[in-house]
There are 2 protein chains.
Amino acid sequence: MNRTASIKDVATHAGVAVGTVSNVLNYPDRVSERTKERVLRAIDDLGFVRNDAARQLRVGHSRTIGLIVLDVGNPFFTSVVRAAEDAAALQGSAVLLGDSGHDAAREANYIDLFQEQRVQGLLISPVGDVTARLDLLRERGVPTVVVDRLADESKFSSVAVDDDAGGYLAARHLLDTGRRRLAFVGGPTSIRQVADRLQGARRAVKEEPDATLEVLDAEGQTVLAGRSVGDALVQRGRADLPDGIFCANDLLALGVMQSLTMTHTFRIPADVALIGYDDIDFAASAVVPLSSIRQPTELLGRTAIELLSEEVESQSPVHRAVVFTPELVVRQSTATPAAG
Amino acid sequence: MNRTASIKDVATHAGVAVGTVSNVLNYPDRVSERTKERVLRAIDDLGFVRNDAARQLRVGHSRTIGLIVLDVGNPFFTSVVRAAEDAAALQGSAVLLGDSGHDAAREANYIDLFQEQRVQGLLISPVGDVTARLDLLRERGVPTVVVDRLADESKFSSVAVDDDAGGYLAARHLLDTGRRRLAFVGGPTSIRQVADRLQGARRAVKEEPDATLEVLDAEGQTVLAGRSVGDALVQRGRADLPDGIFCANDLLALGVMQSLTMTHTFRIPADVALIGYDDIDFAASAVVPLSSIRQPTELLGRTAIELLSEEVESQSPVHRAVVFTPELVVRQSTATPAAG
DNA sequence: TCGTACCAATGAAACGATTCAAAGGAATCG
DNA sequence: CGATTCCTTTGAATCGTTTCATTGGTACGA
């Protein structure tokens, strides 16, 4: 019984032609004040809601943008998502969000789904090996921007954050506060982000002839993994301890902090300075507020939308790779020993 | 130049009628092996992707479900979202996710958007006062399930978790491990969840004649707020200290823990037992692993989808309110004093 | 008064899929 | 051989918009 009202019903009810109703919706100033009122009242009376499928079928494209992230639970991505949503809303588009959960099959599902929906374009933080699936998108002419990973610039636009620069920033900060025996705590260097951050740190350490950098492997990127590393350090004893520790992410850093502060043998930052990466919420509210490297996630999301718009507007396939530099956030965990 | 291929193009290229192509896509066993092959090859050759707008226009409804949450950054919701996505995928639907960010305007935007998309139904964790906007949905006949909030059962189906039971569970556990001077730390009781958890705790305490419950107000639901409460407790000194603390969420509990363990005057759980709520990831990896109340988020998401399906299938407006009972997770922070 | 502009409103055509009654063809049976 | 059944394929009609050439009406200027 309750079929939703169509534009034709509205037209009948208002005593006008369908084209007029459409004009009220899309070009309000083409229609006279009097009929506009009548139509609007009819819309209200019937509870009419525009059927977007029909609209889309006619005009050929949707007003939505597909966004596929690796993990919605990751604060990095949720922040990017929110920024992208806001930027898209400003230009009248909505974001369809897909969570691939690092699973190539789920990613493929979402790509297909979004193509069937004829999204204007796709923002994607791809799972593992990019090429194959993305090439297909390129062939099909779906404008695509790769997020958080550099893409072959001849094929795609991309936005990413410079992890090497972030690593440099962190290590340089430790050196600047007088630390010389540095340690890098990181998960497997097979993860590109980890490798790049380490490389940046190395670059900074090379600038100081008397500085050293030791690499401590962690089994994963978790608080627990960090605690194991911390426990091992505590075992070593005072003499052999580094005086500045740079962890590849905040979770590791918090784990190391737990371990060092629990034993009460070492003080942060008096004996050891500690800096993490990502600046998650917990960094600021740790027992000793944790210095960290903040990634410009809002900027990332906003820029991704902008690049996509560029792709959509201009037909010619020129792509841009935008790389942002992260930012140092200084807190108590790296205060200078004198001041600490 | 590159208009995407339509079903008609495929039909021509394969030398069959459009209806046949449609059958290959929707009822593969209605068509002979030979023509099926031909059609599939044509689809492949042309890179055909079904235009979902056209499909939807014809069949009258989409294969998507709208889900509006208060905050995608909140682990509680991300877990619900993921479960809902999985459950929806099983029945061949996809979830469109919207993040209202506790903002009624954004919520309204998403409701409109999803209606234009003719979603099969809506799962919503509503902002503030539910009634007005949801009533509209009901009038329009959009099947809706309210998540994480009880709704008037004559109007909507809903899924929620019993916070009173959770509060009871937490307090009862403290009592069971021999604690008698309990404290409840919670944000403003204007938040329904907080009020219910407190009420449940009161119920448990009443069961033990010699037990007392004191309520400590926190300014918000954050680690920092918890730390303030903890600092205040430390000031009090040993004699006046509760021996069991129940915090309305894990962030508060972690703050209290920081405060108590930093001073080294009180030991957890020897002097004070501590339990939180939500069982966030950080609970398990705290300095002293934190006992907590876990909400069955996966179940919540899955059930929400199921209830929605019920609504969609059956025309008659019978609604159900499903309430789940949370689960106690025991860790070191509430070990019995003897054992601790 | 007529011609010209201009503005509002009209309504048929088109978008690309699905549906379904009908037709065509092969096989089976009496 | 004709009738019946079964299976495959056909193609026109349909969904609800937007678009745009066309029409009707009013105002203005000559």
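Keep in mind it's a predicted model, so treat the numbers as computed, not measured.
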- Query: B:Ser6 side chain N/O closer than 4.0 Å to the phosphate oxygens (OP1, OP2) of C:dG16?
  - Reply: no

- Footprint string (nucleotides 22-27 of chain D, 5' to 3'): B base within contact, S backbone only, - free, heavy atoms under 4.0 Å: ------

- So what does B:Val21 touch, heavy atoms closer than 4.0 Å: a base, only the sugar-phosphate, or nothing? nothing

- Message: Nearest to the A:Leu57 side chain among D:dT18, C:dA17, C:dC15, which nucleotide is it?
- Response: C:dC15

- Can A:Arg192 and A:Asp163 be counted as an ion pair, charged N to O under 4.0 angstrom? yes

- Among the nucleotides D:dT17, D:dT10, C:dT18, whichever has the atom closest to the side chain of B:Leu25 is C:dT18

- Query: From the list D:dG11, C:dG11, C:dA17, which nucleotide is the closest neighbour of the side chain of A:Ala17?
  - Reply: C:dG11

- Query: Between C:dA8 and A:Ser32, is there an OP1 or OP2 to side-chain N/O distance shorter than 4.0 Å?
  - Reply: no

- Give a yes/no answer on whether the side chain of A:Tyr27 brings an N or O atom under 4.0 Å of OP1 or OP2 in D:dT18. no

- Using side-chain contact (heavy atoms from CB on, under 4.5 Å) as the criterion, point out the one residue from B:Gln115, B:Gln117, B:Arg118, B:Glu116 that pairs with A:Asn51. B:Arg118

- Task: Please tell me if the side chains of B:Val323 and B:Leu150 come closer than 4.5 Å, counting only heavy atoms from C-beta onward.
- Result: yes

- Message: With a 4.0 Å limit, can you tell me whether A:Thr35 has a side-chain N or O closer than that to the phosphate oxygens OP1/OP2 of C:dA9?
- Response: yes

- Whole-Å distance, B:Lys8 NZ to D:dT10 P, equals 15 Å

- Could you give the CD-to-C1' distance, from B:Gln56 to C:dC15, as a whole number of Å? 14 Å

- Task: For A:Asn26 and A:Ser22, test the side chains for any donor-to-acceptor distance below 3.5 angstrom and give the result as yes or no.
- Result: yes

- Note on the structure: Of C:dG16, C:dG11, C:dT18, the nucleotide closest to the side chain of A:Val18 is C:dG11

- Note on the structure: Taking for B:Ala53 and for A:Gly15 the nucleotide of DNA chain C with the nearest heavy atom, the one nearer the 5' end belongs to A:Gly15

- Task: Measure the distance from CZ on A:Arg38 to P on C:dA8 and round it to the nearest whole Å.
- Result: 15 Å

- Side chain of A:Ile7 (C-beta onward), nearest among C:dT10, D:dT17, D:dT10: D:dT17

- Message: What is the separation between atom CG on A:Asp52 and atom C1' on D:dT18, rounded to the nearest whole Å?
- Response: 12 Å

- Query: Among side-chain atoms of A:Gln120 and A:Ser62, is any donor-acceptor pair under 3.5 angstrom?
  - Reply: no

- Task: Under 4.0 Å between any heavy atoms, over every strand shown, what does B:Asn26 touch: base, sugar-phosphate, or nothing? Just pick one.
- Result: sugar-phosphate

- Query: Once you round it to whole Å, what is the distance between C1' of D:dT19 and CZ of A:Arg30?
  - Reply: 9 Å

- Below 4.0 angstrom, N of the basic side chain to O of the carboxylate: do B:Lys36 and B:Asp29 qualify? no

- Query: Under 4.0 Å between a side-chain N/O of B:Ser22 and OP1 or OP2 of C:dT18, yes or no?
  - Reply: yes

- Should B:Arg118 be listed as having a side-chain N or O under 4.0 Å from OP1 or OP2 of D:dC15? no

- Item | Nucleotide nearest B:Arg55 (side chain, heavy atoms from C-beta), chosen from C:dT10, C:dA17, C:dG16 | C:dA17

- Query: Distance from A:Thr64 atom OG1 to A:Leu122 atom CG, nearest 0.5 Å?
  - Reply: 10.0 Å

- Looking at B:Thr20, does any N or O in its side chain come under 4.0 Å of the phosphate oxygens OP1/OP2 on D:dT9? no

- Message: So, does B:Asn51 get its side chain near the phosphate of C:dA17, meaning an N or O under 4.0 Å from OP1 or OP2?
- Response: no

- Taking for B:Arg58 and for B:Arg34 the nucleotide of DNA chain D with the nearest heavy atom, the one nearer the 5' end belongs to B:Arg34

- Short N-O contact, B:Arg106 and B:Asp99, less than 4.0 angstrom: no

- Taken to the nearest whole Å, CG/A:Asp9 to C1'/D:dT17 is 13 Å

- Item | Whole-Å gap separating C1' (C:dT18) and NE2 (B:His61) | 11 Å

- Message: According to side-chain hydrogen bond (donor to acceptor under 3.5 Å, both in side chains), who are the partners of A:Thr35, at least two apart in sequence or on a separate chain?
- Response: A:Ser32

